[in-house]
Amino acid sequence: MRLFALVDCNNFYASCEKLFDPRLAGVPVVVLSNNDGCVVARSAEAKELGIAMGAPWFKIRAEAERAGVRALSSNYALYADLSNRVVEILRGFAPGIEVYSIDESFLDFSGFDLLTDPETFGAAVRRRVAEWLGLAVCVGFGPTKTLAKLANFCAKKGLAGTDGVCVIRRPDSPELDELLGRIPVEEVWGVGRRIAHRLTQKGIRSARDLRNADPAMIRSRFSVVLERTVRELAGTSCLALEEVLPDKRQIAVTRSFGSRVHKIGDLTDAIAHHASRAAGKLRAQNSVAALITVFARTSPFSDKDPWYSGSLALPLGEHSSDERRIVGLAARGVRGIYRPGFAYAKAGVVLSEIVPADKAPGDLFTDDEARERAVRLMSAMDAINARFGRGALRSAAVRAASGPWVMNQGSLSPAYTTSWEELPIARAL
DNA sequence: TCTGGGGTCCTAGGACCC
DNA sequence: TCTGGGGTCCTAGGACCC
């Protein structure tokens with residue numbers, strides 16, 4: 001019998017913020033996306049107030065602040081560090097773990113004796129994360145990943161199970177049948193808005209309806225992906241635990257600007273910055289890329305400003321992760337996409353045709369010695385920046401972050417756990 | 001004034017091959 | 001009059017996830 005668990009942190013970003021700021025206890029808290037654009041996380045109190053996920057902050061700000069809501073800029077240094085700590089704790093519980101997202105992990109207990117029932121085990125996981133980190137998690141167990149995810153949903157919503165733990169043991173039990181009947185089909189993992197709409201038109205409204213659908217029909221009318229979801233709901237495990245996350249095949253760094261950009265110089269600064277970040281991510285996974293795409297666009301929301309979107313794919317000539325090549329080419333590419341007279345709202349850099357550095361095809365004209373020197377230079381640069389901070393040593397094309405393109409972060413909390421200067425201080429009263 | 005960012009997978013269709 | 005069969009590769013677009 002296979003057994004998966006999905007562990008998911010409650011209101012993760014909002015909980016991380018509350019962890020270090022006692023003034024936020026009991027206060028409705030929302031965390032905003034980059035540029036303080038949209039609500040991407042809400043504390044229980046904020047959900048209670050009916051604040052919607054994804055709501056543009058500028059639209060709801062006045063009303064939310066009247067209701068006492070505190071809004072914070074996203075602090076990814078903090079969330080990533082706490083996420084790693086949660087994962088370390090979970091590793092102590094499970095023989096296999098897949099880190100599925102910053103706040104969710106799948107654990108695989110297939111063929112493993114839990115020594116106790118899953119309910120007790122799940123409670124132990126919750127207790128340890130709460131004691132060691134002060135964060136609340138919910139745990140869902142199921143014979144497939146899709147059912148574990150569903151069990152987690154039920155635990156979170158209090159639909160089944162108790163105290164944040166829900167166990168789906170047998171895919172064919174009458175209790176599960178009843179439960180699935182109460183869950184709308186769009187809550188099933190892999191069913192988004194579009195597919196939910198099409199399914200509903202066919203009379204498939206609940207998770208039970210979807211489980212009972214004919215897999216062959218689903219495959220022909222929808223896709224093989226949805227067919228797998230149907231089979232997983234019925235208890236046949238189709239999705240394996242992916243313990244090692246594969247190298248990225250595409251690396252993107254894109255940002256909305258803090259305010260509109262009009263000048264090519266500012267646009268070039270932004271793109272050079274993003275290219276540098278992307279190249280750093282590329283080297284961090286020990287890969288090289290052959291293609292850079294740069295793009296810039298105006299706001300899709302504005303009725304009065306004319307709309308424009310330009311992008312350009314630039315071959316690097318040979319696979320590379322050399323900061324100088326990537327930043328230089330991206331910055332030159334800006335000349336190809338910039339059109340004067342537009343109010344640019346967003347720009348980005350995408351690296352693709354990525355392969356591991358040791359698998360990069362060479363060609364007759366490759367200067368192996370120069371290439372080797374570049375590799376050593378990049379390692380030295382990355383080592384220096386790791387020690388002295390990002391941007392301590394950089395290409396001259398990457399200027400200090402200033403200008404209209406720099407993103408808004410009106411209310412950024414300290415990097416409590418990753419910077420000596422920002423460690424929280426406890427004082428006796 | 002102000003609306004996020006970063007990914008993956010699958011499919012259909014076109015171009016091309018013998 | 002009558003016009004095959006089988007395949008690969010690539011790209012764009014659509015869908016999903018957090």
Side-chain angles (χ1 to χ4, degrees), chain A residues 6-9 11-13 30-41 52-62 64-65 71-76 79-80 83 98-106 145-146 149 152-153 185-199 218-229 232 238-239 242 245-261 274 277-278 281-282 285 291 293 295 297-305 311 313 343 345-354 404 407-411:
Chain A
L6 179 71
V7 181
D8 163 304
C9 300
N11 317 326
F12 183 55
Y13 297 173
V30 298
V31 176
L32 305 177
S33 62
N34 272 339
N35 223 16
D36 293 344
C38 300
V39 172
V40 293
M53 183 68 168
W57 179 236
F58 79 94
K59 285 189 178 175
I60 63 165
R61 178 173 187 167
E65 287 183 340
L72 293 154
S73 307
S74 17
N75 182 348
Y76 287 104
Y79 314 146
S83 172
E98 171 185 342
V99 179
Y100 177 64
S101 78
I102 195 163
D103 70 336
E104 285 176 62
S105 291
F106 283 103
K145 285 168 84 175
T146 303
K149 195 95 160 88
N152 183 282
F153 173 79
V185 73
E186 61 263 30
E187 301 297 346
V188 173
W189 188 40
V191 178
R193 224 183 49 237
R194 302 291 182 100
I195 287 180
H197 182 71
R198 287 172 58 200
L199 285 170
I218 292 291
R219 182 174 194 149
S220 67
R221 299 282 176 77
F222 293 87
S223 69
V224 66
V225 182
L226 194 62
E227 182 197 7
R228 280 197 285 258
T229 300
E232 284 242 321
C238 305
L239 303 172
E242 290 171 35
L245 59 156
D247 284 344
K248 302 235 186 304
R249 300 156 56 92
Q250 178 180 301
I251 290 173
V253 176
T254 71
R255 290 287 179 279
S256 294
F257 300 137
S259 42
R260 299 286 184 259
V261 163
H274 301 338
R277 291 294 303 276
K281 291 184 183 186
L282 183 67
Q285 71 165 36
L291 192 70
T293 304
F295 75 87
R297 63 164 175 74
T298 59
S299 169
F301 302 105
S302 175
D303 314 321
K304 51 178 185 51
D305 294 332
S311 83
K346 179 173 181 170
V349 172
V350 183
L351 299 177
S352 51
E353 297 185 9
I354 291 174
M407 74 172 164
N408 298 321
Q409 285 186 305
S411 189

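In this text the structure is predicted, and so the values were computed from the model without any measurement. Throughout, a chain's letter reflects where its sequence line sits, starting with A, and its residues are numbered from 1.
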Item checked: Note, Phe222(A) side chain near Glu227(A) side chain (heavy atom, < 4.5 Å) -> no

Can you tell me how far [atom2] of [N] sits from [atom1] of [X], to the nearest Å?
| X | N | atom1 | atom2 | result |
| --- | --- | --- | --- | --- |
| Asn34(A) | dC2(B) | CG | P | 17 Å |
| Arg255(A) | dG7(B) | CZ | C1' | 14 Å |
| Glu104(A) | dG7(B) | CD | P | 18 Å |
| Glu227(A) | dT11(B) | CD | P | 10 Å |
| Lys145(A) | dC17(C) | NZ | P | 14 Å |
| Ile102(A) | dG4(B) | CD1 | C1' | 14 Å |
| Leu282(A) | dG6(B) | CG | C1' | 15 Å |
| Phe222(A) | dA12(B) | CZ | P | 14 Å |

Touch check for [X], heavy atoms < 4.0 angstrom, all strands: base, sugar-phosphate only, or nothing?
| X | answer |
| --- | --- |
| Ile251(A) | sugar-phosphate |
| Trp57(A) | nothing |
| Leu32(A) | nothing |
| Asn408(A) | nothing |
| Asn35(A) | nothing |
| Lys149(A) | sugar-phosphate |

OP1 or OP2 of [N] less than 4.0 angstrom from a side-chain nitrogen or oxygen of [X], does that happen here?
| X | N | result |
| --- | --- | --- |
| Arg228(A) | dC9(B) | no |
| Arg260(A) | dC2(B) | yes |
| Thr254(A) | dG4(B) | no |
| Lys346(A) | dC2(B) | no |
| Ser256(A) | dT3(B) | no |

Between [options], spot the one nearest the side chain of [X], thanks.
| X | options | result |
| --- | --- | --- |
| Lys59(A) | dT3(B), dT11(B), dC18(C) | dT3(B) |
| Lys248(A) | dC18(C), dC16(C), dT8(B) | dT8(B) |
| Ala252(A) | dC18(C), dG6(B), dG4(B) | dG6(B) |
| Arg194(A) | dA15(C), dC17(C), dG6(B) | dA15(C) |
| Lys281(A) | dG6(B), dC16(C), dT11(B) | dG6(B) |

Next item on the list: Using the side-chain hydrogen bond (donor to acceptor under 3.5 Å, both in side chains) rule, take Asn35(A) and Ser256(A) through it: C-alpha gap first, then chi angles, then the decisive distance, then the call.
Entry: CA-CA 7 Å; Asn35(A) 223 16; Ser256(A) 294; 4.8 Å; no

Margin query: Determine whether Arg61(A) and Glu65(A) satisfy the following criterion, salt bridge (charged side-chain N to carboxylate O under 4.0 Å, His left out), listing intermediate values before the conclusion.
Written below: CA-CA 6 Å; Arg61(A) 178 173 187 167; Glu65(A) 287 183 340; 3.2 Å; yes

Notebook entry, point to check: When you check the side-chain N and O atoms of Asp36(A) and Ser73(A), is any donor under 3.5 Å from an acceptor?
Noted result: yes

Check: Aromatic rings Tyr79(A) and Tyr13(A): how do their planes relate, parallel, tilted or perpendicular, breaks at 30° and 60°?
Finding: parallel

Next item on the list: Once you apply the 3.5 Å cut-off to both distances, tell me the Watson-Crick or G-U wobble partner of dC18(B), or none.
Entry: dG5(C)

Next item on the list: Hey, which sits more toward the 5' end of DNA chain B by its nearest nucleotide, Arg249(A) or Asp36(A)?
Entry: Asp36(A)

Note to self: Go nucleotide by nucleotide along DNA chain B from the 5' end; which of Tyr76(A) and Asp247(A) gets its closest nucleotide reached first?
What the structure shows: Tyr76(A)

Item checked: Step-by-step salt bridge (charged side-chain N to carboxylate O under 4.0 Å, His left out) determination, Glu104(A) to Lys149(A) -> CA-CA 10 Å; Glu104(A) 285 176 62; Lys149(A) 195 95 160 88; 2.9 Å; yes

Note to self: To the nearest 0.5 Å, what is the distance between CD on Gln409(A) and CG on Leu72(A)?
What the structure shows: 11.5 Å

